[in-house]
Amino acid sequence: MKWTTSLLGLLLPLLAGLVNGAENPRIIIVGAGAAGIAAASRLYQRGFRNITILEASQRFGGRIRTTPFGSGIVELGAQWCHGEVGNVVYQLASVYPTLLKSSIIADEDAVLIRSSGAPVPEAVADRLQTMAEGIIESEQRDSFAGSLGDFFTQKYWETLATAAYKDISRDLAEQFLVYYHNYERGYTAYDSWFEVAASETDGYVEPAGNQDIAWNGKKGFSSILDIVSGNYPGTTNTSLTPVPLSSLIKYGKFVSNIQWKGSSDGDVIVKAQDGTTYEADNVIVTVSLGVLKENSATMFTPALPTVNQQAITGLYFGTVNKIFVLFDAPIPEDFPNTVHLLWYKSDLNALRLSPHAWAEAISTFFRIDNQPNVLMAWMNGAEGRRAEYLRDAPIRDGVLYLLKIFGKGLKFGNVTGLLRSKWSSDRLYRGSYSSRSITTENLNTGARALGTPVRNAANEPVLLFAGEATNPTHYSTVHGAIDSGFREANRLIRYYTNHSFRIVVMSRRAPSILIVGAGSAGIAAATRLLERGFSNLTILEAEDRLGGRIHSVRRGNNVLDYGAQWVHGKDNNFIYDMASRYGLIEVEQHKENTLYYTSTGELIPKETSDRVINTLYALLEDVDNLQSFTGSLGAYYDQVFYEAVRAGKFAGIDQRTCYQLYQFFIKYHNTYNATDTLHEVSGAGLLEFEDNQDEFLINWKNRGFHTLLDLLMRKLPEQNSTPIPVEEYTKFNHVVKLIKWNEAENQQDPHHRVSVTCSNGATFSATHLIVTVSLGVLQDMHSVWFVPALPEPKQNAIEGLYIGTIDKMFLEFDKPFWPRDNSWHGFGLLWEPDDLEQLRRDGRQWLRSVCAFFVPDRTERLLVGWIYGQDARTMEALSEALVIDGLMYLLRKFLPHMRVPAGPSWFSRSRWYSNPHFRGSYSSRSMKSDAMQATATELAKPLTASQDPHVPIVQFAGEASHPQFYSTVQGAVGSGWREADRLIEFYEIPTDDGQTLKGKL
């Protein structure tokens, strides 16, 4: 595309002028630690020169504090490079051959020594350590309601009670428990594991490789700051321009207030405690979480948005301190490189009564690389914080007291020096590093929320946050801090690049974009494009509303979702991440189906139904068998069920009851997959779907799923952002009649490659078209709409993929007739064969596919019936009176013990199939899909110009086009972003936030 190159030619000099000229934005960075240095360096190395770093101390480095001691250096803060793969510190430093080496503590020769002076036998210690790590990593934590301490203690004693650990004495078991708690405290910096939720949603990612890599050279860990800033001797990376840190940093500047709405001309005003004032266009705050906790209430004017405040409150910031002791002789050879302390109760009680009580905070002694005369002790928790206020003499005496106990019989030299950290009492840090606590979980917050930029009324990122506590995957680490500094620098680089590009585009003829469909995929694509400066955009929507298969309707005090209802899963689900950032969602406290009634009105005992259903799920967890199975999903389920019956898995359960529960299980999965029968569903195709449903029912707190669309359009007050006016770009009640594509082949006009004619006669021409309608509409209309006809592979994908129907039927009563003690949330229907036959004779066969009734969360008088498949389509064609009559028949038949009223006071239903603008609910993979080799990947491929296959003319989005998350809103949104990103990348417009979330294609 020739005119794209000319646009880029105009862009580059203009961007250089914006960055290097008079319009160079003024950027203030608060804090010269690892994050601050990283942010400043990245900005400077990309051409931003108007940078000021305000540092409260008289040095740079923050919690990297390399200090001369003994015959070399020690690290009062960050000490080891943890891991290699995915660790920016290792990636930058490892290019210098002699800079890094494996630490002497990395040989895994740590010894557990008891307060008698005797080491725990290595084999026993290894068994206990392995057992403890297994408990910490156990998936059972996810469903445990209490603290990590409660969980670990319970599982620890349960495991020790087994025959495999009968040789472990009670004394040793108690000592190890105390030690391991201390070990975990040092690793995570919390005071107690009783402050941490067992089910914490911890996204921390440990980089693969050696976790204990030491630094060679006189500058130790501080070398990384020189490398990042391009000042390390011998730097060969030409992108790392030397940064004049000495001229950028102003020392002794304790920032007391940031007026982020600033002056009348939009400046941010930063005030230091010494009375100096600075003005800026953007401020990056990189101070520690501890400083934010202590000062945020007065540090920001106006107050920070709720999302940032809750993160500051909810995240945990703890203290780990170090003591370095220098002896006049080498540490005794027989003293291990790492010693963990295990206390007998009597010895610990004696310690607590001695002048050295503070020393209980010491959990471990380490030797120091390249310093044979220096020993390091780690102090954890509240006791370690209190020890910060002691003089050096009692600290020295306490360390020597411990060495007499745990280094029994060894002769240490005389102490000639002592150095220690005091991270908590230092007002510039107020602690060591961050972690997550029960409060974090309760507030549903985290590092990502803390790192959310604050924007002004013009949607400009005026206040940004970096630092290890803002890194969702690498908090508590230097590499996490550096990554966060790069992240925020990139955010500004992209913002100003995007701003300058917008000026270029508006000066020329911008590409026009049509989007067909204003559902979640269409809105995702539109908002992404509008954010990136594509304003020549039109959305054609057949309905009179936004949302598509998201359809939230207010009913009194409640919001009812006729389509998408729950967020399914936390892991790898950006919708969960987006919504939880603002506290918009919650996990429902009950399961969908916990009660089952037969058509004779009998309640199946809960222990029976739980056993059958849970056994089925357990048996079906083995995907290896499904991978090798060549038949349908229904055939596979039948095989597994009947093999389990023959194997006695359901012994003791009435055969009829067992079969009825299995039939319900099948109906439930037909509803889940929106299929008429599981015998149509591809077993192999199901494996394509990424099922991340760790929590299946996450609701929108009675706000409706439409809240997601408001999030995408930045309409929520919590976002503190300028809304994206999607409605202004949308033509409602515009039903597509004809799509002519590749017209520019004849017209030689790149701006009119495609035209769309609607049933009302309106015609729209565009450079690009994104089609986001449902698979059902494509199956109905593709042969009519597209001229020329779609290519054969595209037609094959459309016709071969499967879309089914599920519907909801809402019954509202004057008052609930069911128990209101939170024990009853609905029920599953189990049919007796004779009653099913009676349905057929009565002409009510459609009722057999009503799978269950539910009471929606936060409602009191509503029951919702779910129906699937051909019977759902039949229901849609019936009169409202007949549907109500059928549903009331079911309620009276299955709940004869309840006082079921004659009828509801209000009724409504979805009709996803009979609506020509949807023609179904969502897609899945069928046996036909496999036979035709029809795939979402093929559906998603754009139609391109024959003269230039790189030019996308017609693009396809929607849940059915997402290979991994088809059938979900997550898949629909991801596909909309994917197609928007396709155009953004085509025109080479960079992103604004540095965290582009694309569909997986």
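Residue numbers start at 1 and run along the sequence shown.
- For the pair R549 and F918, the cation does not sit on the ring face, since its NZ or CZ is not both under 6.0 Å from the ring centre and inside 45° of the axis.
- The side chain to side chain donor-acceptor pair (under 3.5 Å) search around S599 returns D835, not counting sequence neighbours.
- Between the R545 side chain and the G548 main chain, a donor and an acceptor come within less than 3.5 Å of each other.
- In this view, F907 satisfies the ring-ring contact (aromatic ring centres under 6.0 Å, His included) rule with no residue, not counting sequence neighbours.
- Listed for the R909 side chain is no donor-acceptor partner under 3.5 Å among the backbone atoms of K808.
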Report task. Kindly indicate, with the supporting measurements, whether the criterion side-chain hydrogen bond (donor to acceptor under 3.5 Å, both in side chains) is fulfilled by D857 and N699. Result -> CA-CA 8 Å; D857 197 64; N699 67 55; 3.0 Å; yes
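- Between Y596 and I613 the shortest side-chain heavy-atom distance falls below 4.5 Å.
- Outside the 6.0 Å centre-distance limit, the rings of W866 and Y672 are not counted as a close aromatic pair.
- For residues 846-856, the set of pairs meeting the salt bridge (charged side-chain N to carboxylate O under 4.0 Å, His left out) definition, not counting sequence neighbours, comprises R848-D871.
- When the ring-ring contact (aromatic ring centres under 6.0 Å, His included) test is applied to Y868, no partner is found at least two apart in sequence or on another chain.
- A donor-acceptor pair under 3.5 Å is formed between the side chain of Q309 and the backbone N or O of L304.
- For K731, the salt bridge (charged side-chain N to carboxylate O under 4.0 Å, His left out) criterion is met by no residue, not counting sequence neighbours.
- Taking CG from D676 and OG1 from T805, the interatomic distance works out to 7.0 Å, rounded to the nearest 0.5 Å.
- For the atom pair I515 CD1 and T538 OG1, the distance stands at 9.0 Å (nearest 0.5 Å).
- Residue pairs meeting the salt bridge (charged side-chain N to carboxylate O under 4.0 Å, His left out) criterion with at least one partner in residues 914-924, sequence neighbours excluded, are D780-R919.
- Using a 4.0 Å cut-off between charged nitrogen and carboxylate oxygen, R581 and E718 do not count as a salt-bridge pair.
- Applying the side chain to side chain donor-acceptor pair (under 3.5 Å) criterion to S823, with sequence neighbours excluded, gives D821.
- Although no hydrogens or angles enter the test, the distance criterion places a donor-acceptor pair under 3.5 Å between the side chain of S975 and the main chain of G958.
- Listed by chain and residue number, nothing satisfies the ring-ring contact (aromatic ring centres under 6.0 Å, His included) test with Y729 (two or more places apart in sequence, or in another chain).
- Separating the OG1 atom in T445 from the CG atom in L450 is a distance of 7.5 Å, to the nearest 0.5 Å.
- Side-chain contact between L811 and F813 is present, with at least one heavy-atom pair separated by less than 4.5 Å.
- With Q779 contributing its side chain and L801 its backbone, the two residues share a donor-acceptor pair below 3.5 Å.
- Between F956 and T772, every side-chain heavy-atom pair lies at or beyond the 4.5 Å cut-off.
- T452 contributes a side-chain N or O that, together with a main-chain N or O of A449, makes up a donor-acceptor pair within less than 3.5 Å.
- In this structure, the side chains of Q663 and L830 stay at 4.5 Å or more apart for every pair of heavy atoms.
- A 4.5 Å side-chain heavy-atom check between P901 and F817 finds at least one atom pair inside the cut-off.
- The ring-ring contact (aromatic ring centres under 6.0 Å, His included) search around Y913 returns none, not counting sequence neighbours.
- Aromatic rings from F665 and Y617 are positioned such that their centres are separated by under 6.0 Å.
- Not counting sequence neighbours, the partners of R820 by the salt bridge (charged side-chain N to carboxylate O under 4.0 Å, His left out) test are E860.
- The existence of a salt bridge linking E586 and R858 is confirmed by a sub-4.0 Å separation between a basic side-chain nitrogen and an acidic carboxylate oxygen.
- Each of S908, S552, S910 was compared with Y562 under the side chain to side chain donor-acceptor pair (under 3.5 Å) criterion, and only S908 meets it.
- Aromatic pair H669/F664: ring centres not closer than 6.0 Å.
- Between the side chains of N673 and S924, not a single donor N or O lies within less than 3.5 Å of an accepting N or O.
- Taking the charged nitrogens against the carboxylate oxygens, R528 and D981 do have a contact shorter than 4.0 Å, which makes a salt bridge.
- Considering V850, L829, V900, T598 as possible partners of F894, the one that fulfils the side chain to side chain contact (heavy atoms under 4.5 Å, CB included) test is L829.
- W700 and F705 have tilted rings, their planes meeting at an angle from 30° to 60° on a 0 to 90° scale.
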**Report entry** Derivation and outcome, salt bridge (Lys or Arg N to Asp or Glu O under 4.0 Å), residues D561 and R703
**Finding:** CA-CA 9 Å; D561 279 310; R703 299 175 66 152; over 6 Å; no
Query - ring-ring contact (aromatic ring centres under 6.0 Å, His included) assessment of F827 paired with F853 - result: CA-CA 6 Å; F827 65 100; F853 287 92; 5.6 Å; yes
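- Taking a cutoff of 4.0 Å between a charged side-chain nitrogen and a carboxylate oxygen, E727 and K715 qualify as a salt bridge.
- Atom CG of residue N733 and atom CG of residue L540 lie 11.5 Å apart, to the nearest 0.5 angstrom.
- Between the side chain of T440 and the main chain of S437, a donor-acceptor pair closer than 3.5 Å is present.
- There is a side-chain donor-acceptor pair under 3.5 Å between N670 and T675.
- Taking the six-membered ring where tryptophan is involved, the planes of F810 and W906 are tilted, since the angle between them lies from 30° to 60°.
- Within the 4.5 Å cutoff, no side-chain heavy atoms of F854 are placed close to those of L863.
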Query - Test side chain to side chain contact (heavy atoms under 4.5 Å, CB included) applied to V553 and H551, step by step - result: CA-CA 6 Å; V553 178; H551 190 195; 3.5 Å; yes
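- The stretch residues 877-890 participates, sequence neighbours left out, in these salt bridge (charged side-chain N to carboxylate O under 4.0 Å, His left out) pairs: R844-D885.
- With sequence neighbours excluded, the residues that form a salt bridge (charged side-chain N to carboxylate O under 4.0 Å, His left out) with R555 are E812.
- Between Y802 and E680, the side chains place a donor N or O and an acceptor N or O closer than 3.5 Å (distance only, hydrogens not considered).
- Between the side chain of H917 and the backbone N or O of N915, no donor-acceptor pair lies under 3.5 Å.
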Report task. Go through the steps for Y597 and H897 under the test ring-ring contact (aromatic ring centres under 6.0 Å, His included), then give the verdict. Result -> CA-CA 11 Å; Y597 291 96; H897 55 291; 5.2 Å; yes
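- Side-chain rings of W977 and F574 approach one another, their centers coming within less than 6.0 Å.
- Electrostatic pairing of R436 and E441 counts as a salt bridge here, judged by a charged N lying under 4.0 Å from a carboxylate O.
- Within the 3.5 Å criterion, the main-chain N or O of Y922 finds no donor-acceptor partner in the side chain of E959.
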